[in-house]
Amino acid sequence: MAGDGRPRSVHRLFEMAPLFRRGSRRSPAELINAGYSRTVYCNNPACPEALDLNYPDNSISTTKYTVANFVPKSIFEQFRRVANFFFLMVACISFSPLAPYRAVSILLPLVLVVGATMAKEAVEDWQRKKQDIEVNNRKVNVYDGAHFFYQTEWKKLRVGDIIMVEKDEFFPADLLLLSTSYDDGICYVETMNLDGETNLKRKQSLEVTSILHNEHSFQKFEAFIKCEDPNEKLYSFVGVMNYEGVQYPLTPKQILLRDSKLRNTQKIYGVVIFTGHDTKVMQNAMDPPSKRSNIERRMDKIIYVLFTLLVFISSISSVFFGINTRNETDAGKYMWYLRPDKPSIYFDPKKASLAAFFHFLTDLMLYGCLIPISLYISIEIVKVLQSLFIDHDQEMYCKESDKPARARTSNLNEELGQVNTILSDKTGTLTCNSMEFVKCSIAGFDYGSKSFELEKTLTKGRQYELSELHSLSFASERQNYESRKPPKGFSFVDDRLMNGQWIQEPNADLIQFFFHALAICHTAIPVVSQSGEISYEAESPDEAAFVTAAREFGFEFYRRTETSISLHEFDPKAGRKVDRTYELLNTIEFSSARKRMSVIVKTNENQLLLFCKGADSVIFERLAKQGQLFEHNTKCHINEYSESGLRTLAVAYRVLSAEEYITWHDGFLKAKNSVNAEHDAIVDEAADRIERELILLGATAVEDKLQKGVPECINKLAQAGIKIWILTGDKLETAINIGFACQLLRKGMELLVITLDNQDINDMKKNGDRDALEKTLHESIRNQIHEAQSQVSKMKGSNVLFALIIDGDSLAFALSSSLEHSFLDLSVDCASVICCRTSPKQKALVTRLVKRRTRKTTLAIGDGANDVGMLQEADIGVGISGVEGMQAVMSSDFAIAQFRFLERLLLVHGHWCYRRISAMICYFFYKNITFGFTLFWFETHAYFSGQPAYNDWYIAFYSVGFTSLPVIALGVFDKDISSRLCLKFPKLHQDGIQNIFFSWPRILGWMINGVCSSLIIYYFTTRIIFEQAFRQDGHVAGYDILGVTMYTCVVWTVNCQLAIYLSYFTWIQHFVIWGSIIFWYIFLVIYGFFPPNISTTAYRVFLEACAASPLYWLATLLVVISALVPYFSYSNFQKTLFPKYHNLIQRLQVKRER
Amino acid sequence: MNDYHGSAAGPSSGSGDGSAPRRNSKRPKYSKFTQQELPACKPILTPRWVISVLTLVGVVFVPIGVASLMASNNVVEIVDRYDAKCIPGNMSSDKVGYIQDDTIDKSCIRTLTVPKDMDQPIYVYYQLDNFYQNHRRYVKSRNDAQLRDSEQADKTSGCDPEKNARDGSPIVPCGLIAWSLFNDTYSFALSGKILTVNKKDISWKSDRDHKFGKDVFPRNFQNGTLKGGATLNPNIPLSDQEDLIVWMRTAALPTFRKLYGRIEQDLKANDTITVTLKNNYNTYSFNGKKKLVLSTSSWLGGKNDFIGIAYLTVGGLCFFLATAFTVVYLVKPRKLGDPSYLSWNRNPSGH
């Protein structure tokens, strides 16, 4: 039942997002008391009462930080990351004698990393700040309260100010519209910045205030407004104005929202109601839910693993140290040169356990390099660059709409490569959302003969080669229309109706009514161009198609005022075109809950008519007995239309008597004037009372064309093993047909349909009581699901693919907690799922369930405001920046211009980003482990005393100097498989879904590789550079030289390991990898020239000692090659004997290029 | 790329880049960088490549290994462990007591036979074993500023527990390292004739020039209750105290050699060298060994077979792996990029 639900409109969906996030909502009762306290003293913002209210001024700030709190706040943000916090702690204790090396070598990486991140934050915030300053200082004309308007900055506006806004200016705050340059107080606004809708919206002032036209008239204007408190609902407003002793109810019609733009109107006057952060647009501006990718979540786990490892080896070290220290006094172990007789707390044979504890802290610092401190910042840099590649990809640029792809959040790039389920909206996403009026059924007759594209696609074999069909259908079209190009939105061909021929039809009067309904029952605005041609601005493309159709049929709508609609129409009696004006009494608008809209007009003959159009189910249940005459025929036609993939609406009318109307109107007005939270429900109920006893006229059918490349794209994605769900508001038949048209459903697929639309249930609906009905429905859904499940399990093993189709009503039951499991199990077994007749909220719910239950990555794609909830709920939200404005894009993570770009986004960029990020993280752990463990092995030979093997600054520069850029190059540039092959072999995407590049075995494999490398490096260097002379001149190598040699080997090994791993070398990779190694030598030379108290053991060590020693160079060569051989041979054996899919494709690539 | 050139592209079309996008168009500008099309090489390691790389490594490594082994074999080395032998039989049960008793003369005479001809210079080392010069407490216990600059003699921070003399005045050089300076001495005679040991330039030049001051003289050194190792002549500046400089360049591992001096005279095979040594240094408390080493050097330094053997082993391993790959490649040949492998059925829903 349409009237029973809580009021919702499509647009109100914005509210759904916060609904999901906030735990509780205030109860309605509370709202009545608490939510309507705002008082505005119009034209008197400085009166004491107004000042008492202390409303904020109109300046806004969207920055995260202020100058004062930047440092503490951003530092706090930084140290919420566990790795950073660890290093902060380490840095604190590094000033104590516990530190194994100087504090600076711990501080340097930390400061660099935190500093870089903070700098990034600061730059981003500064951009926002600049924008704020620009906005706050825009100029606006404000009334001084007595004489004239003067210019001031936006930020100085106060609640109650009267301001003047001129054409094409933005409104500086939420305003109550007082009057406009039009006499009837209407104006047009564009709300692009709020909801992204490009069409104009009409606003109208109260009649009493519409006469205030100039500066003088405001002198005595004084009013008092009581209204709702600031809230985020863009499309509702409840309030009353006390003016000259009378209360006038206020509606959203009188409210002009900040950031929308005045159009087609010279100027307006208004009173400021909400300022600054109280405005609806600012209340709406909330941070989108922050999403983290799977890989990042797993990465956190690995960091904990590393922490455990760190604690583990630190414990081993400190236990051994404790034992060693305690045994110090034993005979035969007395190391007199350490003076155990003069102990300190860090080395006290008598209190060995205390010393061991302190030693533990030392070890945490010493092995701290196991924790990759620069990992986060490196990943951030990499992801920003990856997003840049997505933004700049020419293959994802849409020429028609001049829109490139946009990665709006950069932290989900790699998630694109792991998408397992796509949940797609239909209209505007798969289809163009440009409606064409193609057929209609009037009084039981079917009109319109053009075979339209979609139908052709369906009938001509439902095969793959769609492009051919396109050209075919274009050809036939051309033949049909050689004489005349049809206007946009109209491709109706039927000589019976065209060119005034409809008069000859048997039910000409009904046809006339039908055309009247099309021409009158809408909220479109005519726009007359200079050449006199009329086009229409409408809220939905369907509506524009209807008005255009009416015009083509000879009922041209050309003017709209607040109280009238004017048409040029053919008068059969007079036999010629006449201008007629209909007095517009009421417009009861469309909402997704009502699924219908109605208009009540008074004709010149004083006849009261109600025209209603809406979803067939809603209209049919409101028909009068005598109005059901054509119900059967119309139903048949509607079914036919929807079977061929058209969108249908039923059209009806009703003649009202004056008394009837007046009684109803009183109630309706009362409902409208109610000021409380139930307002919408009351209004809906009031409206419901008149939309009854309708007489059916017929039905319309409009075609929603498939977007270019959709079937091919879906086909590819299906080959990639991605499950695709379509969530649409369409009827079951339409949805199935769209499914076939876009290759989601294919011949040979077994369709499982779950629906509540059968005769028994419909009968029950009409007369059953609610509880019993509910139970029966629930039972019916349960049975259907179980039946389907058994069908699926029977066929298991065979190659039959299943598709599940479920409608919205059934979905509501299927998603109830008792059935949700079996429903999802069933849907997981199906290759594609279509949910039709879904409400926006259900879309979001389905998305959440799929995400939760499958625990795989979900991607939602949509274009309209009704997809916002779904986009935010999914792991990745992709917005189509198409016709329906920017709302979906604003809440999406990626924006593309057309559905077909999804293929490239997922299969190419997704694959690359996923592989790059996972390879990068694995390698990061590898390089830190390799380095950290050489320290540990050295420890075992240094009596576990905590002496680092290397000079302090070598350690400090390891992460940020010699290994930082190559790993970033890996993350940004590596490309294992060319984009062409990625697209050619969509199965590659399975790598991401199965997460083979970032599986635990792989991560552990890299870690083990790191441990192996470190062992080889340590063992080989210490054996080569042993006690013997290290050069021809007889010098032996000390601690300093061993450190340099070992470090050289580490730098070479980790960089060469990367070089082996990379599969794509441009000059950048060469530059950073070999550059890093060369930089190490340069660093060593420069550092060696620092005075000995800075460079200590590194003083001239390279030039004086190492460079001239062949042993040093031979050791480097031997150690590096030996450390790489295990990985090299393992990976090649694996590639030869047990190649993975991507290995094979890589080879194919080599072959092709030869 | 088919719609890339707008209608106005004109003659420049086909160039692939550069043609300016239409005004105000948001089309991303083309650059090889942003389109990720930079010229690149893609080193996919095919079996042939792998086999060649491994063979190449083997081919390079084996000769290096042979050369290193030969160099090591050409080095003549005499190693004499004397810590136990230089204890009189009656004291062998109380070695620590013996070494700590200042009243006993610690002289000891050892006779070494030269196994092969040794060309000059012959390097004289002492080798300590189980001596942890890399212990953190030990390594830290020094002050570089003090050693370098006579005006900073007071700076003894970090030198605990050998910081100040009993009267509180600073010790120069302070710290455990200096305090435990090795103090065995050796003198050599070849058939009755004294072999001069040149002790000049046994330390690194940079140490002498920059780390140890020419105007810094030892002060309060070894004045404490417990004497560690050698004493220093307070009239010789630190930069000339080469034994100290060598000692203070700490060793990395618990077994290490330090240069003692050079014998600049050739020795013939079967020459007998008499070494008169003073066995002063206490390694007995911690069961350390002391060795005297005479060694020539090669281009690779001293005698150590490890690097040669390692090169040969790794080289051999690479040959082995190359062979293994060849066998695998022959037994189980995979045609490169055979598309039939690509169609193998993967279960799209995963496991």
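Lettering follows sequence order; numbering is per chain, from 1.
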Max heavy-atom pair count under 4.5 Å with chain A, selected residue of [options]:
options: B:Ser206, B:Ala324, B:Pro39, B:Ala71; result: B:Ser206
options: B:Val139, B:Thr255, B:Leu259, B:Asp144; result: B:Val139
options: B:Gln36, B:Lys95, B:Gln35; result: B:Gln36
options: B:Thr250, B:Thr296, B:Val60; result: B:Thr250

Check whether any side-chain N or O of [X] sits under 3.5 Å from a backbone N or O of [Y] as a donor-acceptor pair, and report yes or no.
X: B:Asn134; Y: A:His941; answer: yes
X: A:Gln1032; Y: B:Leu300; answer: no
X: A:Lys342; Y: B:Pro161; answer: yes

Taking C-beta and beyond as the side chain, do [X] and [Y] meet within less than 4.5 Å on heavy atoms?
X: A:Val1125; Y: B:Leu321; result: yes
X: A:Leu1114; Y: B:Tyr311; result: yes
X: A:Tyr1039; Y: B:Leu253; result: no
X: A:Asn324; Y: B:Tyr132; result: no
X: A:Leu1111; Y: B:Asn304; result: no

- Item | For the student: nearest non-hydrogen atoms of B:His210 and A:Pro1092, plus distance | O-CG, 3.8 Å

Given heavy-atom pairs under 4.5 angstrom as the criterion, report whether the side chain, backbone, both or neither of [X] touches chain A.
X: B:Ala145; result: neither
X: B:Ile64; result: side chain
X: B:Ser68; result: side chain
X: B:Phe33; result: both
X: B:Tyr123; result: side chain
X: B:Val96; result: neither
X: B:Leu147; result: neither
X: B:Leu54; result: side chain
X: B:Tyr125; result: side chain
X: B:Arg262; result: neither

Can you tell me how far the [atom1] atom of [X] sits from the [atom2] atom of [Y], to the nearest 0.5 Å?
X: B:Phe61; Y: A:Ser1122; atom1: CZ; atom2: OG; answer: 6.0 Å
X: B:Ile307; Y: A:Leu1117; atom1: CD1; atom2: CG; answer: 9.0 Å
X: B:Asn287; Y: A:Met335; atom1: CG; atom2: CE; answer: 12.0 Å
X: B:Ser298; Y: A:Gln1028; atom1: OG; atom2: CD; answer: 9.0 Å
X: B:Leu317; Y: A:Ile1121; atom1: CG; atom2: CD1; answer: 12.0 Å

- Item | Qualifying residues under ring pair (Phe, Tyr, Trp, His ring centres under 6.0 Å), relative to A:Tyr334, sequence neighbours excluded | none

- Task: Verify ring pair (Phe, Tyr, Trp, His ring centres under 6.0 Å) between B:His135 and A:Phe347, making sure each step is shown before the conclusion.
- Result: CA-CA 11 Å; B:His135 197 287; A:Phe347 179 76; 5.5 Å; yes

- Item | Result of checking B:Leu176, B:Asn282, B:Thr283 against A:Trp336 for side chain to side chain contact (heavy atoms under 4.5 Å, CB included) | B:Asn282

As an exercise: rank [options] by heavy-atom pairs under 4.5 Å with chain B and give me the winner.
options: A:Trp912, A:Phe938, A:Phe1133; result: A:Phe1133
options: A:Trp1067, A:Phe1030, A:Phe1128; result: A:Phe1128
options: A:Asp391, A:Leu1042, A:Leu338, A:Leu388; result: A:Leu338
options: A:Gln1146, A:Arg1031, A:His392, A:His1035; result: A:His1035
options: A:Phe944, A:Tyr1112, A:Tyr346, A:Phe1020; result: A:Phe1020
options: A:Val972, A:Asp976, A:Asp1033; result: A:Asp1033

- Item | Option from B:Arg257, B:Lys303, B:Lys258 for which salt bridge (Lys or Arg N to Asp or Glu O under 4.0 Å) with A:Glu1027 holds | B:Arg257

- Please report the C-alpha distance between A:Tyr397 and B:Arg27 in whole Å, then the side-chain angles of each, then the deciding distance to 0.1 Å, and finally whether the side-chain contact (heavy atoms from CB on, under 4.5 Å) criterion is met. CA-CA 6 Å; A:Tyr397 164 79; B:Arg27 165 184 278 283; 3.4 Å; yes

- Keeping to residues at least two apart or across chains, list the salt bridge (charged side-chain N to carboxylate O under 4.0 Å, His left out) pairs with something in residues 123-141 of chain B. B:Asp129-B:Lys289

- Under 30°, 30 to 60°, or over 60°: which ring-plane class applies to A:Tyr337 and B:Tyr138, parallel, tilted or perpendicular? perpendicular

- Task: Answer yes or no for A:Arg339 and B:Trp179: cation-pi contact, defined as NZ/CZ to six-membered ring centre under 6.0 Å and angle to ring axis within 45°.
- Result: yes

- In this structure, are over 12 heavy atoms from other groups packed under 6.0 Å from B:Lys291 atom NZ? yes

- Query: Can you check salt bridge (charged side-chain N to carboxylate O under 4.0 Å, His left out) on A:Asp1040 and B:Arg249, steps first, answer last?
  - Reply: CA-CA 8 Å; A:Asp1040 45 355; B:Arg249 192 127 173 170; 2.6 Å; yes

- Message: Between B:Phe325 and A:Asn1132, does the side-chain contact (heavy atoms from CB on, under 4.5 Å) criterion hold? Intermediate values first, please.
- Response: CA-CA 9 Å; B:Phe325 268 108; A:Asn1132 284 305; 3.4 Å; yes

